[in-house]
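Below is one structure; the comments refer to it alone.
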Amino acid sequence: MNSKKMDIGSKDLISNLPEALIGHILSFLPTKDAALTSVLSKRWRHMLAFVPNLDFDDEDYEDYNRYDMSPLKRLKMLTSFQVFVDRVLALQGNAPVNKFSLSCELGVEPSSVNRWLSNVLERGVLDLDLYVSLEDGYPLLLSQVLMSKTLVRLKVEGTTDFSTDVGEVFLPKLKTLYLDDLAFNDEGGAAFAKLTSGCHVLEELVMIDIVFYCDFFLVSNPTLKRLKVRLDFTDQKPNTVSFDTPNLVYLEFTDTVGAKYPKANFDSLVEANLDLRMRHYQDEDEPAGDSEDSTNLIMEIYNVKILYLSGATLEVLALCCKAIPIFSNLIRLTIDTHEEVQWEFLPKLLENCPNLETLVFGVLSTIHCKPWEDTRTCLSSSPVKMLKSEPADDSVDATNLFMGICNVEILYLSGATLEILASCCKAIPVFTNLIHLNINTHGNIQWKSLPKLLVNCPNLETLVLEGLNYIGTIHCKPWEDTRTCLSSSPVKMLKVLRFGQINLLEKVDVIDKQKEVIKYLLETMPNLEQVMIYYDTSFDDDPSILSTELQMLEKVASPKCKIQVISANIRFS
Amino acid sequence: MIVLKSSDGETFEIEEAVALQSQTIAHMVEDDCVENGIPLANVTGEILAKIIEYCKKHVEGGGGSEEELKIWDKEFIENIDQSTLFNLILAANYLNIKTLLDLTCQRVADMIS
């Protein structure tokens with residue numbers, strides 16, 4: 001504890017608070033720190049009883065050279081952890097407990113774990129967070145956990161055989177269930193079924209890296225609102241995956257396609273995040289076959305408003321779906337183009353999104369083909385208003401892409417995409433509807449690309465530059481060519497974000513360079529009404545200096561312009 | 001509008017939405033006993049003013065984005081002396097304003113650790 005921060009007078013102040021409040025304060029500390037206060041005085045010993053949130057982590061007792069440790073020393077450490085937990089729980093008596101978090105890796109005895117769980121369950125624990133990964137396995141999750149009348153949130157992580165003899169499950173208050181790295185070993189699927197049907201108010205279910213030995217995987221629960229499932233890729237994965245979740249609002253699903261989806265009830269789904277992957281056969285002769293059919297799944301999510309697809313999912317859509325629905329409610333589509341993507345399918349997908357407003361891509365890169373050739377028609381009739389994209393690589397001919405999006409109202413570009421626009425496009429379209437342009441200018445960007453774009457934005461109102469850092473020579477002022485286009489720019493609002501942010505290896509005078517850019521912009525843009533500069537630097541530079549300097553500029557092109565310098569703490573204007 | 005009276009006789013008139021962030025006050029409003037203003041015998045004017053400042057900022061919808069609110073909270077909590085801090089804890093507890101109580105208790109916990 002850092003006693004320098006708290007003077008003796010303050011210790012008295014704390015001690016004078018009612019015990020429940022002290023307990024509340026202590027619950028913001030890790031339990032082992034809170035427990036340290038119990039040595040302060042007799043009264044403080046009792047404080048622990050008022051700490052409703054407990055977390056125990058046996059890693060705190062871990063020696064760095066665990067494997068070299070002598071058996072005796074190891075035993076001593078384990079024992080001291082177990083004794084610590086026992087003592088804290090004893091001190092707490094029968095006080096109600098809110099949250100209990102236990103993380104055991106070192107080899108705590110299962111009987112101890114069960115003893116502690118019994119204790120907190122009896123005291124009405126609401127939130128249980130278990131990470132139990134023992135060498136000899138943790139044979140069976142204490143059955144009382146699955147019969148708790150008070151639990152609202154349950155998280156179980158670690159190698160637990162969750163399976164064979166799951167007894168009765170009755171968790172009447174449970175709203176959140178989080179399972180990670182577990183196995184359901186029974187082939188009949190009864191264990192999982194018991195789990196989902198024993199929770200009558202369940203709202204959120206998360207299952208990550210779960211091994212399933214049953215042929216079918218069925219999630220059936222009438223109250224479920226949020227579902228995240230990531231099945232482990234083993235030979236014994238289920239052959240069919242079904243969803244009976246009429247109230248589900250959010251779905252996140254990762255799977256290798258090998259399954260059929262005979263039933264998918266998603267009447268209320270609003271947002272979906274899908275990562276479906278083709279199963280790559282080792283034996284080339286084996287055809288993809290009828291066993292891979294994701295049609296039903298895709299058809300059933302037709303009502304979503306927000307959709308996020310991994311790049312691999314596009315491939316699955318192209319090859320494993322007989323049809324895709326019309327996504328009439330879809331307004332926001334994100335495609336993670338991080339990995340190689342089957343671009344050919346994109347036009348078809350976009351055709352089926354008649355009301356799409358926002359389209360977000362990751363990296364716009366491709367190795368072999370020019371994917372955009374086919375997209376021109378569909379994109380230019382797409383109602384998409386906002387396009388965001390990450391950096392692209394040089395080999396892309398993005399002409400058709402940009403021609404296709406010329407109707408957007410809001411555009412976010414990275415610096416690299418700006419370059420692509422300037423250098424890889426045979427013609428830059430006129431962005432008639434563009435009113436808001438955001439460019440990530442942090443890093444090495446070609447400022448001369450900017451005028452080309454700005455000239456084609458006749459109705460631009462807001463320009464946002466994220467980061468003014470550039471790696472240029474000290475001598476050249478790269479924005480000098482922009483004067484003509486800027487001086488007729490209609491831009492009314494200029495925002496500069498991350499002002500002052502630099503790379504660590506650079507010299508401090510870079511801030512002066514950034515100031516010059518701003519001054520230059522102020523001197524040339526005649527229609528500015530408002531300029532906001534967000535100061536963000538780790539140096540002890542004083543933003544008010546910048547503010548004063550800018551206010552005193554004489555050659556400002558737009559005299560009525562209001563300039564504000566905003567740092568995280570204070571606003572100067 | 002709701003009128004709050006501190007223990008040392010100061011009165012504060014605030015919008016209902018601001019006052020309702022206190023569960024204690026919310027219950028009183030439900031029970032309809034706020035006719036002549038609400039006397040808060042446990043809270044001085046100085047502390048009540050601070051609480052009102054916090055509640056005004058945190059009223060639903062106003063105050064700005066989550067990020068901006070966090071920054072404001074940080075500034076708010078770092079700019080008060082320890083005795084005010086503890087009085088705020090007691091008052092937030094009495095008035096049952098969970099977010100303020102958590103903010104102040106977290107602050108003390110940070111100071112301990």
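Lettering of chains follows the sequences in order, A, B, ..., and the numbering in each one begins at 1.
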Checklist line | Contacts of residues 20-30 of chain A with chain B (heavy atom under 4.5 Å) | finding: Leu21(A), His24(A), Ile25(A), Phe28(A), Leu29(A)

Notebook entry, point to check: If you draw a 6.0 Å radius around CG in Asn94(A), do more than 12 non-hydrogen atoms from other residues or ligands fall strictly inside?
Noted result: no

Show the atom names and distances, to 0.1 Å, of all donor-acceptor pairs under 3.5 Å that link a side chain in residues 23-33 of chain B to residues at least two apart or in another chain.
| unit_1 | atom_1 | unit_2 | atom_2 | d |
| --- | --- | --- | --- | --- |
| Thr24(B) | OG1 | Tyr94(B) | O | 2.8 |
| Thr24(B) | OG1 | Leu95(B) | O | 2.9 |

Check: Between Val120(A) and Leu89(A), what is the shortest heavy-atom contact and its length?
Finding: CG1-CD2, 4.3 Å

Notebook entry, point to check: So how far is it from Asp55(A) CG to Asp33(A) CG, rounded to the nearest 0.5 Å?
Noted result: 9.0 Å

Notebook entry, point to check: Is there a donor-acceptor contact under 3.5 Å linking the side chains of Asn87(B) and Thr84(B)?
Noted result: no

Next item on the list: Over 60° means perpendicular and under 30° means parallel, so classify the ring planes of Tyr54(B) and Trp72(B), tilted if in between.
Entry: tilted

